[in-house]
Amino acid sequence: MIDPSRQRINPLHLAAAFGTGGLLTLMVHFNGELARYGNALFSSWTAHGTGTLAALALLAALSLRRHVADDGAKTPAPLWAYLGGISGAVTVMLTAVTVNSPLALSGTLALGLAGQVVFGLAADRWGLFGLPRRRPDLRDIGALALIVCGSLIIIVFAMEPA
């Protein structure tokens with residue numbers, strides 16, 4: 001794994017990360033609509049089924065390219081790396097339920113972001129899942145506090161009658 005503290009930030013990576021946030025918002029909205037007309041399990045199956053079809057199409061397109069000779073054997077991924085589908089399925093089902101609750105889309109995403117940051121800080125702190133250990137500093141705690149406060153503002157003001 002590459003030590004992130006020794007790399008410069010690439011603007012393309014920033015744009016890609018920002019873009020995935022927009023795509024995540026669309027995914028949560030679309031899955032919430034599916035859950036509204038069906039249920040959370042149907043939403044998850046549909047999302048993962050279409051995702052599988054899209055991945056297979058991309059794999060087929062990429063396999064048409066010429067393969068470059070590999071200069072070394074790759075080691076297999078650790079077993080826990082294959083569990084991403086489980087967390088993805090649970091995420092789809094939980095967001096499909098909460099987006100159709102009084103939290104709505106913005107509250108669901110705000111609390112989801114807070115949960116991601118809390119888990120990310122814990123994973124960095126204890127080096128979970130092969131990540132390099134990094135002790136959270138005051139900036140990390142301040143950023144988390146602002147995210148939690150912003151989440152509460154979104155949720156509290158969204159629940160008040162206009």
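Separating the CE atom in M27 from the OG1 atom in T20 is a distance of 10.5 Å, to the nearest 0.5 Å. With rounding to the nearest 0.5 angstrom, the SG atom of C149 is 11.5 Å from the CD1 atom of I154. With rounding to the nearest 0.5 Å, the separation of CZ in F30 from OG1 in T46 is 13.5 Å. Separating the OG atom in S43 from the CD atom in E33 is a distance of 10.0 Å, to the nearest 0.5 Å. Interatomic distance, CG of L144 versus CG of L121, reported as 6.0 Å (0.5 Å rounding). Within the model, atoms CG of L83 and CD1 of I86 stand 4.5 Å from one another, a figure rounded to the nearest 0.5 Å.
Hydrophobic clustering places V117 together with L152 (ILVMFWY residues linked when any side-chain heavy atoms are closer than 4.5 Å, directly or through intermediates). Follow the hydrophobic side-chain contacts under 4.5 Å out from I153 and you never reach L109; the two are in separate clusters. In terms of hydrophobic clustering, with Ile, Leu, Val, Met, Phe, Trp and Tyr side chains grouped at heavy-atom distances under 4.5 Å, W80 and L128 are assigned to a common cluster. Taken together through direct or relayed side-chain contacts under 4.5 Å among Ile, Leu, Val, Met, Phe, Trp and Tyr, M93 and F42 form parts of separate hydrophobic clusters. L113 and V148 fall within a single hydrophobic cluster, where Ile, Leu, Val, Met, Phe, Trp and Tyr side chains are chained together by heavy-atom contacts under 4.5 Å.
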- [ ] Evaluate the side chain to side chain contact (heavy atoms under 4.5 Å, CB included) criterion for residues S44 and N31: first the C-alpha distance (whole Å), next the side-chain angles of each, then the deciding distance (0.1 Å), finally the verdict.
- [x] CA-CA 7 Å; S44 182; N31 293 336; over 6 Å; no

- [ ] Starting from the C-alpha separation in whole Å, work towards a yes-or-no answer on side chain to side chain contact (heavy atoms under 4.5 Å, CB included) for V99 and H29.
- [x] CA-CA 7 Å; V99 78; H29 174 63; 5.7 Å; no

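Residues D140 and P136 come closest through the heavy atom pair OD2-CA, 3.2 Å. Nearest approach of S87 to G84, heavy atoms of both residues: OG-O, 3.0 Å. For the residue pair A96 and A35, the shortest heavy atom distance occurs at CB-CB, 3.5 Å. For R36 against N100, the heavy-atom pair with the smallest separation is N-ND2, 3.8 Å.
The 12-atom threshold is exceeded at CG of L23, counting heavy atoms of other residues, nucleotides or ligands nearer than 6.0 Å. The environment of L14 atom CG is dense: over 12 non-hydrogen atoms of other residues, nucleotides or ligands sit within 6.0 angstrom. Counting non-hydrogen atoms of neighbouring residues, nucleotides and ligands closer than 6.0 angstrom, the CG atom of L138 reaches no more than 12 such neighbours.
W45 pairs by the side chain to side chain contact (heavy atoms under 4.5 Å, CB included) definition with L41, not counting sequence neighbours. A search for side chain to side chain contact (heavy atoms under 4.5 Å, CB included) contacts involving T52 returns L56, not counting sequence neighbours.
For the pair I147 and S151, the minimum side-chain heavy-atom distance is below 4.5 Å. Between L24 and Q116 the shortest side-chain heavy-atom distance falls below 4.5 Å.
Under the 3.5 Å distance criterion, with hydrogens and angles disregarded, no donor-acceptor pair is assigned to the side chains of T95 and T108.
The salt bridge (charged side-chain N to carboxylate O under 4.0 Å, His left out) pairs that include a residue from residues 101-129 are D124-R134, where partners are two or more places apart or lie in different chains.
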